[in-house]
Chemist: 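Right, I'll just put the structure down here and ask away after.
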Amino acid sequence: MFKKIRLRLTLLSGGITTVILIIMTLGYLFISEKNLIQTRILSVYNDIYTIASNLEQYGMLSYTWLSQLESSGSYHIFILDNGSPFLYNNKDRSSLKYDTFVSNCWEYYHTNSSAMSESTLSYLSSYKKFTYSKNQCFVIDYKKDKSHLEILIIMPHSQIHSSIIVQRFLFLVIISAALLAIWLFSYFFTGRLLRPIEESRIRQNRFTAAASHELCTPLAVILSYAETLDRTDSSTAIIKNEALRMASLIDDMLILSQSDADRFDIEKIPAELDTILLNTSEKFEAMAKEKNIRINVSLPENAIPKCVCDPNRIAQVITILIHNAISYTPENGTIRLNLSVNTFNFIITVSDTGIGIPDEEKEHIFERFYRCEKSRSVKGHFGLGLSIAYEIIQAHCGIINVSDAPDGGSVFTVILPL
Ligand code: ADP
């Protein structure tokens with residue numbers, strides 16, 4: 001049980017932290033990608049101004065300076081001097097397929113230049129900005145006397161894109177490492193957090209088991225002496241009844257403490273469920289007769305497969321259900337026991353025409369010591385029967401639940417895997 005709680009707590013704390021971390025990371029990534037693009041564009045504008053002011057100051061551009069500018073700015077520069085390409089020994093441009101790509105870009109610029117908005121740099125130069133094949137392009141137009149220089153600056157889309165991919169990859173690595181650390185921490189932290197509770201529960205279980213054991217001996221002595229007393233005396237009957245009630249409570253508490261300590265003995269063997277159902281119901285005939293209650297058992301007509309289960313424990317579950325049905329059904333009522341099989345499961349239902357269980361109480365009746373308001377007048381019950389039935393069915397990987405019977409009363413359904 002503590003393993004389950006620990007896993008749930010780890011899932012909860014780790015899950016919440018993961019979601020918060022992912023949202024924060026995505027937000028930060030979005031802002032930093034925007035900044036990256038912005039910084040690149042700002043650096044181009046800076047260089048455009050530097051080129052223009054160099055041209056105006058010195059009336060020339062040095063090869064080395066252009067190459068340096070190109071490599072530091074992560075973009076490519078091409079120049080047309082009075083319409084003819086002006087070549088200088090710049091860096092390798094094989095990735096750009098220089099000839100065709102650049103001449104196409106120039107052609108695009110010259111065709112559409114009149115429609116592009118122009119930004120003035122000085123009285124001699126201006127620049128225009130456009131996008132060509134996803135690449136950001138800028139053309140500085142410089143005119144002085146008879147010389148006309150057009151300088152094309154291409155900011156390759158792939159370069160920004162690869163910087164973004166590298167950034168995303170780095171974030172992914174960092175976040176994965178952080179998440180791994182968070183999940184491991186959550187697991188160990190919840191383990192430490194639950195340890196004192198687990199230890200106190202173990203102590204409590206030991207105490208319940210020991211106390212129940214110790215109570216058994218004096219109770220057995222009381223019962224044996226009660227047998228020797230005058231049977232016609234009403235006080236003797238009361239002593240005997242109360243001692244029996246106490247013995248059954250002690251038995252129930254022992255079973256639950258064993259289940260809590262994971263020491264629930266379940267010995268599974270192939271068993272005939274129909275036989276278990278018939279034998280158990282027969283034991284209640286006398287009790288049902290006292291209240292004039294009919295018990296109808298309906299079994300499959302054809303032979304059914306054997307169920308791999310602990311027959312004694314399953315009989316105990318059916319005993320609890322029939323006992324409850326008789327206890328909470330008024331006189332002249334009917335109890336129906338039904339067994340059926342489908343492809344995956346055995347289905348046992350115990351329905352009655354009794355007082356029924358209000359919807360708001362249905363989810364609590366499998367809790368320990370829980371008794372519905374309506375049933376408090378029924379003596380001899382402590383509210384442990386259904387919690388024992390629940391533990392037994394859980395140990396068989398089955399399901400037990402309750403619903404309303406169509407003609408009033410309740411229907412308990414037990415599903416066991418085939
Ligand atoms: P108890 O020993 O009190 O019967 P259980 O754990 O078996 O304890 O049942 C819990 C409560 O569920 C009961 O106190 C009763 O209120 C309700 N209950 C169980 N079975 C029936 C039933 N067949 N009809 C109506 N109420 C029921």
Side-chain angles (χ1 to χ4, degrees), residues 208 212 215 219 241-260 264 277 280-281 283-298 312-339 347-396 398-415:
T208 317
S212 310
L215 283 172
L219 209 62
N241 278 345
E242 290 305 306
L244 283 173
R245 232 161 71 82
M246 210 167 162
S248 117
L249 174 66
I250 290 168
D251 270 354
D252 288 353
M253 280 167 55
L254 262 175
I255 290 174
L256 287 172
S257 74
Q258 278 173 358
S259 154
D260 288 345
F264 213 3
L277 217 67
T280 318
S281 70
K283 287 184 197 156
F284 283 94
E285 266 171 14
M287 191 180 172
K289 219 172 180 180
E290 275 176 31
K291 288 176 84 178
N292 199 22
I293 289 174
R294 270 180 300 136
I295 301 182
N296 293 340
V297 184
S298 129
N312 293 328
R313 296 289 186 194
I314 296 299
Q316 192 177 1
V317 172
I318 297 164
T319 303
I320 292 167
L321 297 181
I322 302 178
H323 192 207
N324 278 350
I326 296 176
S327 306
Y328 301 115
T329 300
E331 289 190 0
N332 306 318
T334 308
I335 293 167
R336 291 184 187 87
L337 269 74
N338 185 70
L339 171 67
I347 302 160
I348 302 167
T349 58
V350 179
S351 65
D352 59 55
T353 52
I355 56 174
I357 301 166
D359 283 345
E360 63 278 11
E361 302 206 78
K362 281 194 181 86
E363 55 184 301
H364 300 295
I365 56 168
F366 296 99
E367 290 167 13
R368 291 172 192 187
F369 291 107
Y370 187 85
R371 302 200 64 202
C372 300
E373 209 50 50
K374 291 205 249 183
S375 62
R376 297 218 173 264
S377 55
V378 180
K379 280 203 165 180
H381 287 251
F382 297 100
L384 285 180
L386 287 180
S387 50
I388 292 174
Y390 181 84
E391 299 286 347
I392 295 174
I393 299 302
Q394 282 269 306
H396 282 84
I399 295 171
I400 179 165
N401 58 38
V402 66
S403 55
D404 292 327
D407 46 354
S410 322
V411 185
F412 283 86
T413 307
V414 173
I415 301 173

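The figures that follow rest on heavy atoms only: side chains count, while hydrogens, waters and symmetry mates do not. Numbering of ligands and ligand atoms starts at 1, following listing order.
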Chemist: Flag I357 as yes when one of its N or O atoms lies below 3.5 Å from any N or O atom of ligand 1, and as no otherwise.
Modeler: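 No - when backbone and side-chain N and O of I357 are compared with those of ligand 1, no distance drops under 3.5 Å.
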Chemist: Answer with yes or no whether the side chains of Y370 and E361 bring together a donor and an acceptor at under 3.5 Å.
Modeler: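 A donor-acceptor contact under 3.5 Å links the two side chains.
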Chemist: Looking only at N/O atoms, are I355 and ligand 1 under 3.5 Å apart anywhere?
Modeler: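 No, I355 has no N/O under 3.5 Å of an N/O on ligand 1.
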Chemist: For D352, which part has a heavy atom under 4.0 Å from ligand 1: side chain, backbone, both, or neither?
Modeler: side chain
Chemist: If hydrogens are left out, which of I322, L386, T353 has an atom nearest to atom 5 (P) of ligand 1, that is, the closest non-hydrogen atom?
Modeler: L386
Chemist: Hey, does F412 come in under 3.5 Å of ligand 1, counting only N/O atoms on both sides?
Modeler: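 So ligand 1 has no N or O lying under 3.5 Å from an N or O of F412.
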Chemist: Please confirm whether F366 comes under 4.0 Å of ligand 1, counting heavy atoms of the residue only.
Modeler: no
Chemist: My understanding is that only residues two or more places apart in sequence, or in another chain, count here; which of them pass salt bridge (Lys or Arg N to Asp or Glu O under 4.0 Å) with D404?
Modeler: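 Expected list: K362.
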Chemist: Let me have the donor-acceptor pairs involving side chains of residues 284-293, under 3.5 Å, with sequence neighbours excluded, atom names and distances please.
Modeler:
from, atom 1, to, atom 2, distance (Å)
K291, NZ, I326, O, 2.7
K291, NZ, T329, O, 2.7
N292, ND2, N332, OD1, 2.6

Chemist: Considering the heavy atoms of G385, write down every atom of ligand 1 situated less than 4.0 Å from one of them.
Modeler: 5 (P), 6 (O), 7 (O), 8 (O)
Chemist: Find out whether I388 and I320 are in side-chain contact, i.e. whether some heavy atom of one side chain is under 4.5 Å from a heavy atom of the other.
Modeler: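 When only atoms from C-beta onward are counted, I320 and I388 do touch, with a gap below 4.5 Å.
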Chemist: Of the options T319, L337, V297, V317, which is the one that meets T280 in a side chain to side chain contact (heavy atoms under 4.5 Å, CB included)?
Modeler: T319
Chemist: I'd like to know if the side chain of D352 reaches the main chain of S410, judged simply by a donor and an acceptor atom lying under 3.5 Å from each other, with no hydrogens or angles considered.
Modeler: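 Side chain of D352 to backbone of S410: a pair is present.
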Chemist: Determine yes or no for a side-chain-to-main-chain donor-acceptor pair under 3.5 angstrom, with T353 supplying the side chain and T334 the backbone.
Modeler: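 At least one qualifying donor-acceptor pair exists.
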Chemist: Is the number of heavy atoms from other residues, nucleotides or ligands within 6.0 Å of CZ (F366) greater than 12?
Modeler: yes
Chemist: Which atoms of ligand 1 have any heavy atom of Y370 under 4.0 Å away?
Modeler: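 Per the distance check, 10 (C), 11 (C), 14 (O).
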Chemist: Is there a heavy atom of G356 sitting under 4.0 angstrom from any atom of ligand 1?
Modeler: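 G356 counts as a contact of ligand 1 under the 4.0 Å cut-off.
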Chemist: Give the numbers and elements of all ligand 1 atoms closer than 4.0 Å to a heavy atom of G383.
Modeler: 1 (P), 2 (O), 3 (O), 6 (O), 8 (O)
Chemist: Applying a heavy-atom cut-off of 4.0 Å, say which part of S410 lies close to ligand 1: side chain, backbone, both or neither.
Modeler: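 Under 4.0 Å from ligand 1, S410 contributes side-chain atoms alone.
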Chemist: Just which atoms of ligand 1 are under 4.0 Å from any heavy atom in I365?
Modeler: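 In order of number, 6 (O), 10 (C), 12 (O).
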